[in-house]
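A short write-up of the structure that comes next.
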Amino acid sequence: MQRRATITGWGKCAPPVKLTNADLEQLIETSHDWIVERTGIEARGITHVEVTDMAEVAAMHALAAAGLEPADIDLLIVASVTPEITCPSNACFLQERIGAVNAAAFDLNAACSGWVYGTASASSMIESGIAERVLLVGAEKLHYVMDYWDRSTCILFGDGAGAAVFEASTSGDGVLSNDLGADGVAGKTMVFPTLGTRGELQQRDPHIDRLHFEGQAVFKLAVKGMEGSVRRALERAGLSLDDVDLVIPHQANQRIIEAAARRLEVPMDKVMVNIAEHGNTAAASIPMAMTDAVAQGRLFPGAVVVQTAFGGGVTWGSSVMRWGDRVTPLATSDAELPPTDLTVFDLLAPNRAFFAPVHESS
Ligand code: UT7
């Protein structure tokens with residue numbers, strides 16, 4: 001049987017400090033009802049630590065679930081649009097942190113599509129024999145770039161990390177197909193100029209280093225982009241939408257997910273949604289949702305799973321996989337983030353101060 005890459009471990013890291021809609025009501029002119037109706041989001045994680053800290057927790061859970069040690073990994077990929085610094089990569093930071101001494105390591109930036117680009121990279125590296133065991137992590141500190149005076153963007157995004165271990169399998173399970181695409185012309189609809197999220201915002205220009213986001217344009221591109229990509233990936237796998245047991249979409253907006261599902265004629269009971277608790281965590285959203293899906297018993301041996309995403313660039317992609325036998329972790333890890341006494345308002349204070357001049361002058 002063909003050599004494929006199958007997921008044998010999974011894990012996530014959700015920051016303990018939450019930004020609820022009620023908290024946002026204290027910062028901007030908005031309401032819990034408006035946000036829930038337009039996005040499905042009720043809360044988002046706001047990290048008090050760095051990207052590598054969240055990546056480490058998710059990675060340790062995924063490794064434990066797979067019954068592996070860090071030294072068993074031979075390729076480590078971190079998908080992130082919010083890396084700590086440019087070089088060394090987040091992947092090299094994580095390699096050092098967990099002691100994945102035998103792993104090659106690189107970062108990948110395809111914004112919210114980072115996880116599906118990472119899945120395609122992991123699976124093709126395993127299929128070609130370049131790698132045997134890949135640790136893929138999506139990790140984001142998105143609150144860093146959010147302007148918490150701008151109600152059109154700051155309600156959407158949150159922080160977090162998710163991870164999976166991919167191993168070679170010749171049992172018929174694993175990634176069956178990938179579809180990737182990009183359109184640089186449409187890229188101007190979502191621009192995020194800041195690079196490097198370590199520490200607090202400083203020595204930057206708040207007029208420039210803020211997310212530019214054309215919400216409605218992105219909404220339409222996302223729905224069409226994910227629909228087309230899912231159809232192409234399924235065709236490549238020789239499967240139809242009727243064969244699909246679970247779709248795990250990028251968690252951008254409940255309405256985007258519902259619109260894409262409607263166009264694909266997939267019932268919502270076959271779609272994994274956990275956006276209410278986490279918001280849009282970019283490259284981390286699919287592995288966080290996948291980890292929740294396994295915990296909820298929504299994945300079973302042989303299940304056909306479609307992952308699909310759309311994001312900045314603009315980029316899109318989907319993967320189709322047949323889930324393997326593992327639906328319970330081989331072991332568990334007690335890895336967790338250090339506790340904090342800081343409130344969500346403490347954590348957002350630097351952003352509010354940094355971006356205030358943009359709003360004073362407008
Ligand atoms: O990973 C891919 C990334 N993409 C995404 O995350 C999704 C992109 N787009 C969206 O999610 C949606 O377009 C938004 C949630 C950003 C906005 O929803 P919408 O239904 O497209 O609203 P809208 O922009 O058409 O705004 C409708 C009204 C406006 O008021 P007026 O002009 O009609 O008086 C906005 O000013 O709602 C107002 N509004 C708000 N009201 C309360 C915008 N943001 C808010 C808010 N609270 N937070």
Side-chain angles (χ1 to χ4, degrees), residues 19-44 79-82 109-118 138-140 142-143 145-160 162 180-183 186-192 210-230 248-261 273-276 278-289 307-318 348 355 359 362:
L19 173 64
T20 65
N21 293 346
D23 298 329
L24 282 166
E25 285 174 1
Q26 296 187 43
L27 297 175
I28 48 172
E29 203 184 321
T30 192
S31 70
H32 171 75
D33 291 347
W34 192 95
I35 298 173
V36 171
E37 191 194 313
R38 300 293 179 119
T39 72
I41 302 169
E42 295 176 19
R44 320 105 190 102
S80 182
V81 70
T82 52
N109 173 7
C112 297
S113 308
W115 183 261
V116 286
Y117 271 65
E140 304 283 11
L142 285 155
H143 89 263
V145 292
M146 283 306 126
D147 175 348
Y148 287 96
W149 300 87
D150 180 358
R151 68 179 185 173
S152 66
T153 54
C154 75
I155 59 165
L156 295 170
F157 296 91
D159 306 328
L180 301 178
D183 176 5
K188 60 183 178 301
T189 55
M190 227 181 330
V191 180
F192 153 35
R210 57 199 291 277
L211 178 72
H212 165 78
F213 189 67
E214 296 168 27
Q216 290 190 351
V218 175
F219 193 111
K220 288 176 197 156
L221 287 166
V223 173
K224 283 190 197 154
M226 290 199 289
E227 181 203 357
S229 182
V230 168
I248 309 180
H250 167 50
Q251 310 283 307
N253 180 323
Q254 174 101 21
R255 287 189 301 140
I256 291 178
I257 295 171
E258 286 171 358
V273 183
N274 71 348
I275 192 170
H278 305 294
N280 179 346
T281 59
S285 88
I286 292 178
M288 291 176 83
Q307 301 185 334
T308 184
F310 185 91
V314 296
T315 52
W316 57 84
S318 304
L348 298 187
F355 286 112
H359 303 279
S362 62

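For this chain, numbers begin at 1 and follow the sequence in order. When a ligand or atom number is given, it counts from 1 through the structure's own listing order.
Of the options Asn280, Thr281, Asn253, the smallest heavy-atom separation from atom 6 (O) of ligand 1 is shown by Asn280. Among Phe213, Phe219, Phe157, Phe310, the residue whose heavy atom lies closest to atom 5 (C) of ligand 1 is Phe213. Closest heavy-atom approach to atom 16 (C) of ligand 1 within the set Gly311, Ser152, Ser31, Ala252: this belongs to Ser152. For the residues Arg151, Gln216, Gln254, Arg255, the heavy atom positioned nearest atom 30 (O) of ligand 1 is part of Arg151.
Counting only heavy atoms, the protein gets under 4.0 Å from atom 25 (O) of ligand 1. For atom 2 (C) of ligand 1, a protein heavy-atom neighbour is present inside the 4.0 Å cut-off. Remark: atom 41 (N) of ligand 1 lies closer than 4.0 Å to at least one protein heavy atom.
Close contacts between ligand 1 and Ile155 involve ligand atoms 48 (N) [criterion: under 4.0 Å to a heavy atom]. Near Thr39, the atoms of ligand 1 lying under 4.0 angstrom from a non-hydrogen atom of the residue are 15 (C). Atoms of ligand 1 lying under 4.0 Å from at least one heavy atom of Cys112, given by number and element, are 1 (O). If you number the atoms of ligand 1 from 1 as listed, the ones under 4.0 Å from a heavy atom of His250 come out as 1 (O). Heavy-atom proximity to Arg38, at under 4.0 Å, picks out these atoms of ligand 1: 19 (P), 20 (O), 22 (O), 27 (C). Proximity to Gly215 (heavy-atom distance under 4.0 Å) selects the following atoms of ligand 1: 8 (C), 9 (N), 13 (O).
Within the 4.5 Å cutoff, no side-chain heavy atoms of Arg44 are placed close to those of Ile275. A heavy-atom distance below 4.5 Å is not found between the side chains of Trp115 and Ser285. Side-chain atoms of Ile155 and Ile28, non-hydrogen and from C-beta on, do get closer than 4.5 Å to each other. Looking at heavy atoms from C-beta onward, Leu19 lies in side-chain contact with Leu24 at the 4.5 angstrom threshold. A 4.5 Å side-chain heavy-atom check between Met146 and Phe355 finds every atom pair outside the cut-off. No side-chain heavy atom of Thr20 sits under 4.5 Å from any side-chain heavy atom of Glu42.
Nearest protein heavy-atom contact of atom 39 (N) of ligand 1 is Trp34 CZ2, 3.4 Å. Scanning all protein heavy atoms for the shortest distance to atom 47 (N) of ligand 1 gives Thr30 OG1, 2.6 Å. Here the heavy atom of the protein found nearest to atom 7 (C) of ligand 1 is Ile256 CD1, 3.3 Å.
Using a 4.0 angstrom heavy-atom cutoff, Val218 counts as in contact with ligand 1.
There is no side-chain donor-acceptor pair under 3.5 Å between Asp150 and His359. A donor atom on one side chain and an acceptor atom on the other are not found under 3.5 Å apart for Thr281 and Glu140.
Using a 4.0 Å cut-off between heavy atoms, Thr153 makes no contact with ligand 1 at all.
Remark: side-chain polar atoms of Gln251 are paired, donor with acceptor, to backbone N or O of Asn274 under 3.5 angstrom.
Summarising the geometry, atom CZ belonging to Phe213 is positioned 4.5 Å from atom CZ belonging to Phe157; distances are rounded to the nearest 0.5 Å.
Ring geometry for Trp316 against Phe310 counts as parallel: the plane angle stays under 30°, on a 0 to 90° scale with 60° as the upper cut.
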